[in-house]
Amino acid sequence: MANFSKSNVPQFSVEVYQNEYLPEGGREVNAIVTVTSTGGGTVGSAVAAPHLYTPGQGPDAAVAIMVDCSGSMDYPPTKMRGARDATAAAIDALRDGVHFAVIGGTHVAKEVYPGGGALAVANAQTREQAKQALRKLSAGGGTAIGTWLRLADHLLSSADVTIRHGILLTDGRNEHESPEDLKAALEAAAGRFTADARGVGTDWEVKEVTGIASALLGTADIVADPAGLAADFTQMMETAMGKEVADVALRLWTPVDTSVKFVKQVAPTVEELTGRRTEAGPRAGDYPTGSWGDESRDYHVCVEVPEAGIGQEMLAARVSLVIPQDDGTARTLGAQGLVRAVWTDDMVASTSINPQVAHYTGQAELAQVIQQGLDARKAGDADGATAKLGRAVQLASASGNADTAKLLAKVVDVVDAAAGTVRLKAKVEEADEMTLETRSTKTVRVKK
């Protein structure tokens, strides 16, 4: 939880898109909530003047870079070289005044820079020292990512800052600790820092890397070719440097006898938040959204209201944005949106689906059928894989999700995109299949 006292909080706005009309007996209310923050440091994915920092006006942040140094990073040697170059590039993107550390991860976690259980403060001298220390990175040992996360949490928590962020790179499976150990480390870190996770090469487990990013409200991706790591790390660090406010929660209040069916982020990626609710007073709950700069995200809220007669209307939910504090209070960010329910006997009004709700329902299904199709393919169920991936091609085509359509075309031969008719490719490059799985939750915004 954040003890947030800085004055440079971005301005938040909330817009609600829904069809509020329900037929007689109707109970389910769906709405897309668009949250936009302006006045932070990120514009798109770029940050101006990377090394300019004025206390109170720049990123009040600490960053830990976790680099896989297990034995497999030497096969091929370009992986370790790529990781060193990428970490150096990320260090170069640190703004002056940001606290930072570099961690080398194997079956144990070791401080590479600055050491001594401390964080360095970025300036020209410490950036150069950190890059020199990267020469000590060498491959050898196993993989226990939970130990990396625990060390990162220990180091990041030592800084009195608002934004705490990790960048994690791995090339292999988490084989030297139990899944329960990793899960416990993620549960301990959740809400304390956010993290982006990257898999390099094709020998890592997609669900492990995406699970880490999901638990820590960050991004996940594949970098199949180590040569692409430096550009990716630079972009990740620039985005982290643009964050201005941490621990923002979507607070959902519902009236008596109204229940929340689900809350999920639907853009820029699909992220299920329903199970992450923390109670926030009578009939209210907070859903974590992590750190924000200049950006916009969409959320799908679904609530179930009590039945009412024709002509009646009610407030079905109120959405606001808060920063929970350590003392149990919350700082409100001044933006809210209302979700309404109105009962009508106008069948046209009550049966039309709001375009935003329809679009994101399709995008969520797209992410789901890609996962199901790839799982079926791995299990040898060709018919099931063909059906699910065919539906994915159909949804991607209809929604204009061109990036996902291109990734699907590397796994299936598309016969008729509109009808969802496909054939499984006989041979698929492992990197193409992993890229599709890793990026399956990326969505496109509704065409307005």
Side-chain angles (χ1 to χ4, degrees), residues 32 45 197-211 213-214 219-228 231-232 235 264-272 297-298 300 353-448:
I32 298 300
S45 62
R198 295 293 184 266
V200 60
T202 56
D203 294 327
W204 48 279
E205 184 63 49
V206 172
K207 287 180 173 61
E208 278 180 359
V209 170
T210 56
S214 175
T219 64
D221 207 352
I222 179 174
V223 186
D225 183 351
D232 186 68
Q235 188 270 327
K264 64 177 75 166
Q265 179 183 285
V266 289
T269 58
V270 177
E271 193 63 62
E272 182 60 64
R297 306 180 201 169
D298 293 333
H300 187 167
I353 301 176
N354 174 269
Q356 277 87 352
V357 171
H359 173 82
Y360 285 125
T361 300
Q363 293 291 287
E365 185 190 352
L366 173 59
Q368 184 180 44
V369 292
I370 288 173
Q371 289 289 335
Q372 291 171 340
L374 292 176
D375 287 346
R377 188 178 176 279
K378 288 174 190 170
D381 178 5
D383 290 344
T386 302
K388 294 294 185 183
L389 295 174
R391 175 61 174 156
V393 166
Q394 186 180 39
L395 288 164
S397 172
S399 64
N401 195 331
D403 288 345
T404 299
K406 284 178 194 168
L407 295 175
L408 281 161
K410 293 184 177 181
V411 177
V412 295
D413 291 317
V414 179
V415 179
D416 184 338
T421 307
V422 302
R423 284 191 299 266
L424 294 183
K425 286 185 181 289
K427 181 167 173 48
V428 176
E429 293 292 332
E430 192 169 16
D432 290 334
E433 185 173 0
M434 291 178 71
T435 302
L436 175 61
E437 185 175 2
T438 307
R439 297 178 183 171
S440 62
T441 58
K442 291 191 175 180
T443 59
V444 290
R445 302 197 87 166
V446 66
K447 297 169 189 168
K448 303 230 175 133

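The basis for the numbers below is simple: all heavy atoms, side chains too, and nothing from hydrogens, waters or symmetry mates.
At least one side-chain heavy atom of L374 sits less than 4.5 Å from a side-chain heavy atom of I370. Residues V444 and H359 have side chains in contact (heavy-atom distance under 4.5 Å, counting atoms from C-beta outward). Taking 4.5 Å as the limit, every side-chain heavy atom of E433 sits out of range of all side-chain heavy atoms of K425.
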Please evaluate residues Y360 and K264 with respect to the criterion side-chain contact (heavy atoms from CB on, under 4.5 Å), reporting the C-alpha separation (whole Å), side-chain torsions for both, the decisive distance (0.1 Å), and the verdict. CA-CA 10 Å; Y360 285 125; K264 64 177 75 166; over 6 Å; no

Pair V266, T443 - check side-chain contact (heavy atoms from CB on, under 4.5 Å), show working. CA-CA 7 Å; V266 289; T443 59; 5.6 Å; no

Could you walk me through whether L408 and V414 pass the side-chain contact (heavy atoms from CB on, under 4.5 Å) check? CA-CA 9 Å; L408 281 161; V414 179; 6.0 Å; no

Would you sort out whether H300 and T361 count as a side-chain contact (heavy atoms from CB on, under 4.5 Å), showing the intermediate values? CA-CA 8 Å; H300 187 167; T361 300; 3.7 Å; yes

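The minimum heavy-atom distance linking V411 with D432 is given by the pair CG2-O, 4.5 Å. Summarising the geometry of A224 relative to A431, their closest heavy-atom pair is CB-CB, 3.9 Å, with the distance given to 0.1 Å. Across every non-hydrogen atom of A220 and A213, the tightest pair is CB-CB, 3.7 Å.
A donor-acceptor pair under 3.5 Å is absent between the side-chain atoms of Q394 and the main chain of A398, judged by distance alone. One N or O on the side chain of S440 and one on the backbone of E437 form a donor-acceptor pair closer than 3.5 Å. Between the side chain of S214 and the main chain of T210, no donor-acceptor pair closer than 3.5 Å is present.
Residues passing the side-chain hydrogen bond (donor to acceptor under 3.5 Å, both in side chains) test with E365, sequence neighbours excluded: R391.
By the 4.0 Å N-to-carboxylate-O rule, R297 lies too far from E271 to be salt-bridged with it. Look at D403 and R439 and you find no salt bridge, because none of the NZ, NE, NH1 or NH2 atoms lies under 4.0 Å from a carboxylate O.
R377 and T386 share no donor-acceptor pair across their side chains, judged by distance under 3.5 Å alone.
Within 6.0 Å of the NZ atom in K410, the count of heavy atoms belonging to other residues, nucleotides or ligands does not exceed 12. Residue-environment remark: NZ (K406) stays at or below the threshold of 12 foreign heavy atoms within 6.0 Å. Environment of CD in E272: crowded, with over 12 heavy atoms of neighbouring residues, nucleotides or ligands closer than 6.0 Å.
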